[in-house]
Every structure is written in structure tokens, then in C-alpha cells.
Visitor: 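Got a structure for you, written out below as C-alpha cells; questions coming shortly.
Computed from a prediction, not measured in an experiment: that's the story for all the values here. Each ligand, and each atom within it, is numbered from 1 in the order the structure gives.
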Amino acid sequence: MKLDRALALLREVPDFPRPGVVFRDLTPLLADPDALRAAVDALQDTIDPATEVVAAVESRGFLIGAALGYGWHYGVVPLRKPGKLPAVAHRVEYSLEYGSAALELPAGALSPGQHVVIVDDVLATGGTARAACALVESAGAVVTGVAVLVEIAGLGGRAHLSPTPVSALRTYT
Ligand SMILES: O=P(O)(O)OC[C@H]1O[C@H](OP(=O)(O)OP(=O)(O)O)[C@H](O)[C@@H]1O
Ligand SMILES: Nc1ncnc2[nH]cnc12
């Protein structure tokens, strides 16, 4: 099956970017045209049909989010790391599995009541996805779910996001 083959391409890199972290590297999957298509199509199947916009998390989330937007006719809004946007509507700071960071929402990108799915490659602690949800909600938009290719379940991200629905194509303990 195409999706199984795609997910078999995920690479595990121990001790990156810090000792003790098992890094889930999607590079081989993204580099394979059939695997990329199978993964994006499978992720689309998990998305709430009310969704109008993909909010894609910088930077690996941009790759998946833009493919989903183009393939399935969603608008794409980039949630960016600081210092990149000329006009910022809102900023949220957060911590993630191996550090801390912030995300910003571009001014004027979302309207109240729009239905938005958060898209990223990996869900670990959920800090990043929670910040993304807060940004979307700061604009009065509605989060329909968080969709990722890989979930590291042992880090509790899904529980941190509850009751927001989370979909993942591959879950590691
Ligand atoms: O669930 P969390 O613990 O918050 O971790 C998940 C986040 O970590 C990675 O991003 P990273 O900040 O490393 O940025 P990158 O995409 O620019 O590599 C990944 O792409 C997710 O956005
Ligand atoms: N273990 C991990 N692998 C890849 N990306 C991540 N982002 C946060 N934790 C990660």
C-alpha cells in the first residue's frame, strides 16, 4: 500500500538536535514523489470537511500545508517565526521538545468565523500546535483540528490540545 511505503521512509535520528531526543526526520518521505502524494492525500482524508484554510507552521509545516492547500483548494496562512512578517496580528511564545520559540500570525490573514486546520510535520509536546491554535483563535477563527504526519505520543501533545481533534498518520510511543 502506498501510504505504508511512504511511512516506511520516515527516518529516526538519535540524539538530534540534543542528546536524548529521537528526531523523526521526514526528509526521505518528502523527497519521494509517490510518498509525498500518498501522505498528503491521507492527511486530507482526516480533515474536517468544514475547513476552509490551512494554517501551516514554519518551517516544516509549510511543506505539508502548501501541498494540502494546492491539492485540495484551501487557502494557506503561514504561522511564522519572529522577525519574518512585515505586519503581525498576534504573537505567542511557547516551549517545544527541545527548546523555546515563538510564532506570529500575519495581519489580515484570517477572518472571524473562518474554519482553520493547523498543519505540521510532527506533534511532540504539543507546545507548537497549542501556540498555533491560540494564534488562529486570536483572530476569531475556529480551529477544526490539528493534522500532522507524525505524533510522538509519549510526549503528551494530544492531551495538551484536548478537546481539539488531532489526526496523525504515524504514531510513535
Ligand atoms: O510538539 P512540539 O514539542 O512543540 O514540537 C513540534 C514542533 O517541532 C518542530 O519544529 P521546529 O521548531 O524544530 O522548527 P522547524 O520546522 O523550523 O525545524 C516540528 O516541525 C513542530 O513544529
Ligand atoms: N522528536 C522530534 N522529531 C522531529 N521533530 C520534532 N519536533 C519536536 N520534537 C521532534
Visitor: Do any nitrogen or oxygen atoms of Val22 come within less than 3.5 Å of a nitrogen or oxygen of ligand 2?
Guide: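 Looking only at distances, the answer is yes, because the N/O contact criterion of under 3.5 Å is met.
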Visitor: At what distance, to the nearest 0.5 angstrom, does CD1 of Ile118 lie from CG of Leu79?
Guide: 6.0 Å
Visitor: For a quick test of reading the model, state the closest non-hydrogen atom pair linking Leu105 to Leu85 and the distance between them.
Guide: C-CD1, 3.9 Å
Visitor: Using a 4.0 Å cut-off to any heavy atom of Ala124, which atoms of ligand 1 qualify?
Guide: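 Near Ala124, meaning under 4.0 Å from one of its heavy atoms, ligand 1 has 1 (O), 2 (P), 3 (O), 5 (O).
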Visitor: Going by the atom numbers of ligand 2, which of them fall below 4.0 Å from some non-hydrogen atom of Val122?
Guide: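 Once the distances to Val122 are compared, the set is 4 (C), 5 (N), 6 (C).
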Visitor: With a cut-off of under 6.0 Å to the ring centre and 45° to the axis, is Arg24 in cation-pi contact with Tyr172?
Guide: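 Yes, cation above the ring, under 6.0 Å and within 45°.
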Visitor: Going by distance alone, is a donor N or O of one side chain under 3.5 Å from an acceptor N or O of the other, for Ser100 and Ser95?
Guide: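 On atom types as modelled, these side chains do not qualify, holding no pair under 3.5 Å.
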Visitor: Atom NE2 of His73 and atom CD of Glu52: how far apart are they, to the nearest 0.5 Å?
Guide: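 Result: 12.0 Å between the selected atoms.
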Visitor: In terms of residue, atom name and distance, what is the protein heavy atom nearest to atom 22 (O) of ligand 1?
Guide: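 Of every protein heavy atom, Asp120 OD2, 2.4 Å lies nearest to atom 22 (O) of ligand 1.
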Visitor: What residue and heavy atom of the protein are closest to atom 8 (C) of ligand 2, and at what distance?
Guide: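 So the nearest neighbour among protein heavy atoms is Tyr98 CE2, 3.5 Å.
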Visitor: Keeping the roles fixed (side chain from Ser138, backbone from Leu135), state whether a donor-acceptor pair exists under 3.5 Å.
Guide: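 Pair found, side chain donor or acceptor close to backbone of Leu135.
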Visitor: Lys81 heavy atoms, cut-off 4.0 Å: which ligand 1 atoms fall inside?
Guide: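 Every atom of ligand 1 under 4.0 Å from some heavy atom of Lys81: 12 (O), 14 (O), 15 (P), 17 (O).
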Visitor: Answer whether the closest heavy-atom distance between the side chains of Arg170 and Leu10 falls below 4.5 Å.
Guide: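 In short, these two side chains touch, coming nearer than 4.5 Å.
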Visitor: Identify the closest protein heavy atom to atom 3 (N) of ligand 2: which residue and atom is it, and at what distance?
Guide: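 Residue, atom and distance for the closest contact: Arg24 N, 2.8 Å.
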Visitor: Is there a path of hydrophobic side-chain contacts, each under 4.5 Å between heavy atoms of I, L, V, M, F, W or Y residues, that connects Leu123 with Tyr98?
Guide: yes
Visitor: At a 4.0 Å threshold, what atoms of ligand 1 neighbour a non-hydrogen atom of Glu97?
Guide: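 Under 4.0 Å from Glu97, ligand 1 has these atoms: 3 (O).
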Visitor: With the 4.5 Å side-chain cut-off for hydrophobic clustering, are Val136 and Val142 part of the same group?
Guide: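 No; Val142 is not reachable from Val136 via cluster members.
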Visitor: Let me know which of Asp120, Asp121, Asp25, Thr27 forms a side chain to side chain donor-acceptor pair (under 3.5 Å) with Arg60.
Guide: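 With Arg60 as partner, Asp120, Asp121, Asp25, Thr27 yield a single side chain to side chain donor-acceptor pair (under 3.5 Å), made by Asp121.
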Visitor: Counting from 1, what ligand 1 atoms have a heavy atom of Tyr98 closer than 4.0 Å?
Guide: 8 (O), 9 (C), 11 (P), 13 (O)
Visitor: Any N or O of Gly126 that comes nearer than 3.5 Å to an N or O of ligand 1?
Guide: yes
Visitor: In ligand 2, which numbered atoms sit nearer than 4.0 Å to a non-hydrogen atom of Arg60?
Guide: 4 (C), 5 (N)
Visitor: Starting from atom 19 (C) of ligand 1, which protein heavy atom do you reach first, and at what distance in Å?
Guide: Asp121 OD1, 3.3 Å
Visitor: Note the single closest protein heavy atom to atom 7 (C) of ligand 1, along with its residue, its atom name and the distance in Å.
Guide: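 Protein heavy atom at minimum distance: Thr128 OG1, 3.4 Å.
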Visitor: Please list, in number order, the atoms of ligand 1 under 4.0 Å from a heavy atom of Gly127.
Guide: 1 (O), 4 (O)
Visitor: Identify, for atom 17 (O) of ligand 1, the protein heavy atom at the shortest distance, and state residue, atom and that distance.
Guide: Ser59 OG, 2.6 Å
Visitor: Can you list the ligand 2 atoms lying under 4.0 Å from a non-hydrogen atom of Ala124?
Guide: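 Those of ligand 2 that fall under 4.0 Å from Ala124 are 8 (C), 9 (N).
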Visitor: Give the atoms of ligand 2, by number and element, whose distance to some non-hydrogen atom of Ile152 is under 4.0 Å.
Guide: 1 (N), 2 (C)
Visitor: Taking 4.0 angstrom as the limit and counting only heavy atoms of Thr125, give me the atoms of ligand 1 inside it, by number and element.
Guide: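 Near Thr125, the atoms of ligand 1 are 1 (O), 2 (P), 3 (O), 4 (O).
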Visitor: To the nearest 0.5 Å, what is the distance between NZ (Lys81) and OG (Ser59)?
Guide: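 Here the rounded value is 5.0 Å.
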Visitor: What is the closest protein heavy atom to atom 10 (C) of ligand 2, and at what distance does it sit?
Guide: Glu97 OE1, 3.3 Å
Visitor: Inspect the contact between Arg91 and Glu104 and indicate whether a charged nitrogen and a carboxylate oxygen are less than 4.0 angstrom apart.
Guide: yes
Visitor: Measure the distance from atom 6 (C) of ligand 1 to every protein heavy atom, then report the residue, atom name and distance (to 0.1 Å) of the closest one.
Guide: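 Residue, atom and distance for the closest contact: Val122 O, 3.4 Å.
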Visitor: Nearest to atom 9 (C) of ligand 1, what protein heavy atom do you find, and at what distance?
Guide: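 Answer, as residue, atom name and distance: Arg60 NH2, 3.2 Å.
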Visitor: Salt bridge or not for Arg5 and Asp32, using N-O below 4.0 Å?
Guide: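 Salt bridge present between Arg5 and Asp32.
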Visitor: If you have a sec, work out which protein heavy atom is nearest atom 12 (O) of ligand 1 and how many Å separate them, to one decimal?
Guide: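 Among all protein heavy atoms, the one nearest atom 12 (O) of ligand 1 is Leu96 CD1, 3.4 Å.
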